[in-house]
Amino acid sequence: MDRAYEGYDARPVEDAVTVTAAALLAHPADPGNARIAKIADFTAPKEPLPHWRDHLALWAASRRSGSLPLDRCVIDLRAPELQSDRLVDRTGLARIAGLALDDLPHPKYGRRSLPVPQIETTEGPRWSEPVARDWAEEHGRAHKLQTLLSGTTTFGTEQPLGLVADHNRLTKIIGDSLEDADSRNQKRSLGRGKTKPEQSAAQLAWWPAVALSDNTNGFIPVAALRTTLVEAVVGGLAEDVERAAKTDKATVSLGDIRRDVVKLLDWYVLRELGGTPVPW
């Protein structure tokens, strides 16, 4: 995936060989050993046809004039990476991706998160090594930002840095309020002696912190904020282009993004890394 241009770059299969009908029919074949089946009584065989090249020869002899040349009729694709002994299983995919096997999506529940297998076996899917490397590259790119912008909560879990910051700030505010209430003997309903003020504050602060960046039922309309940010950035670029046109400049000089837009963009990025998190 080329994210800069929002497209895909084709990566050719190494040492791939396209097998055509002409290549196979260059070897001796006897169309008399094959027959043309009728649709009415045709049943697909459970096993591969014996003398398949003979059937191919009969097909070639029965074609109408004007059909594609045999050297343009593709029969198979052969590549070293597709040989069964070179395919990798889930253990090999995890090794190539640098992941623990338990951190790899399970084929039964997370098939959409895995690359398309080159073959299915009774033991599970198998992938070619280049396909596994491509997936590992994309998986690492997709999760690297999340890893870099994650922090540890007071509950010991990994969450977006913005959520951790909001939770810590709310914990401090609530904790100070609980201490003030305690000093005035107004904390009886909170269970004096059973829970430390810091623990109570952290628990009380969690879901308000989540609600700040929750796109579903949160206090802030995160989806609308994202649209506004995109419009602000694109609008700034449009102003730069318009300014260059008015001054007859041959090249467009892009200005800096406004400080308030950058500040709001930072807020969004640090909090919108996934769905609604759960601390425990």
Side-chain angles (χ1 to χ4, degrees), residues 1 3-4 97-100 102-105 110 113 136-184 186-187 189-237 254-280:
M1 174 67 180
R3 298 190 180 278
L99 299 172
D102 291 341
D103 294 334
L104 197 69
S113 302
E137 177 183 322
E138 182 64 21
H139 184 273
R141 182 185 295 114
H143 290 77
K144 186 174 183 180
L145 179 63
Q146 184 173 355
T147 301
L148 291 174
L149 298 182
S150 294
T152 304
T153 67
T154 56
F155 304 111
T157 59
E158 294 297 314
Q159 301 292 352
L161 281 175
L163 174 57
V164 174
D166 291 341
H167 181 234
N168 291 341
R169 185 176 181 183
L170 286 170
T171 298
K172 178 68 167 58
I173 294 173
I174 295 175
D176 291 344
S177 299
L178 292 177
E179 289 183 2
D180 292 341
D182 187 39
S183 64
R184 297 191 303 268
Q186 296 177 356
K187 195 186 172 186
S189 61
L190 294 177
R192 179 193 299 272
K194 293 182 179 180
T195 306
K196 293 182 179 180
E198 298 82 7
Q199 295 175 345
S200 297
Q203 293 171 359
L204 291 172
W206 176 253
W207 290 114
V210 171
L212 288 175
S213 54
D214 181 14
N215 191 32
T216 306
N217 299 310
F219 294 121
I220 299 174
V222 179
L225 174 61
R226 178 183 182 276
T227 302
T228 303
L229 286 169
V230 172
E231 294 289 341
V233 174
V234 173
L237 295 176
L254 300 179
D256 296 334
I257 301 177
R258 290 180 175 85
R259 185 185 300 271
D260 287 343
V261 176
V262 173
K263 187 175 182 179
L264 203 56
L265 186 61
D266 286 344
W267 186 97
Y268 176 84
V269 170
L270 290 175
R271 287 160 180 81
E272 191 62 14
L273 294 179
T276 303
V278 178
W280 48 73

Sequence neighbours excluded - ring-ring contact (aromatic ring centres under 6.0 Å, His included) pairs with any residue from residues 160-180: Phe155-His167, His167-Trp206
Distance from [X] atom [atom1] to [Y] atom [atom2], nearest 0.5 Å?
| X | Y | atom1 | atom2 | result |
| --- | --- | --- | --- | --- |
| Leu264 | Ile257 | CG | CD1 | 12.0 Å |
| Tyr268 | Leu225 | OH | CG | 7.5 Å |
| Leu161 | Asn168 | CG | CG | 10.5 Å |

Nearest atoms (heavy-atom pairs only) where [X] meets [Y]:
| X | Y | result |
| --- | --- | --- |
| Pro105 | Ser113 | CG-CB, 3.8 Å |
| Ala209 | Leu170 | N-CD1, 3.5 Å |
| Ser213 | Arg271 | CB-CB, 3.6 Å |
| Phe219 | Leu212 | CD1-CD2, 4.1 Å |
| Leu178 | Ser200 | CD1-CB, 4.0 Å |
| Ala201 | Ile174 | CA-CG2, 3.9 Å |

Audit row: Val210, Leu163, side chain to side chain contact (heavy atoms under 4.5 Å, CB included) steps and yes/no: CA-CA 7 Å; Val210 171; Leu163 174 57; 4.1 Å; yes
Selection residues 257-270 - residue pairs positive for salt bridge (Lys or Arg N to Asp or Glu O under 4.0 Å), sequence neighbours left out: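 Salt bridge (Lys or Arg N to Asp or Glu O under 4.0 Å) check on residues 257-270 returns Glu239-Arg258.
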Evaluation steps, side-chain hydrogen bond (donor to acceptor under 3.5 Å, both in side chains), between Ser150 and Gln159: CA-CA 5 Å; Ser150 294; Gln159 301 292 352; over 6 Å; no
Set of residues satisfying salt bridge (charged side-chain N to carboxylate O under 4.0 Å, His left out) with respect to Glu198, sequence neighbours excluded: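 Glu198: no salt bridge (charged side-chain N to carboxylate O under 4.0 Å, His left out) contacts found.
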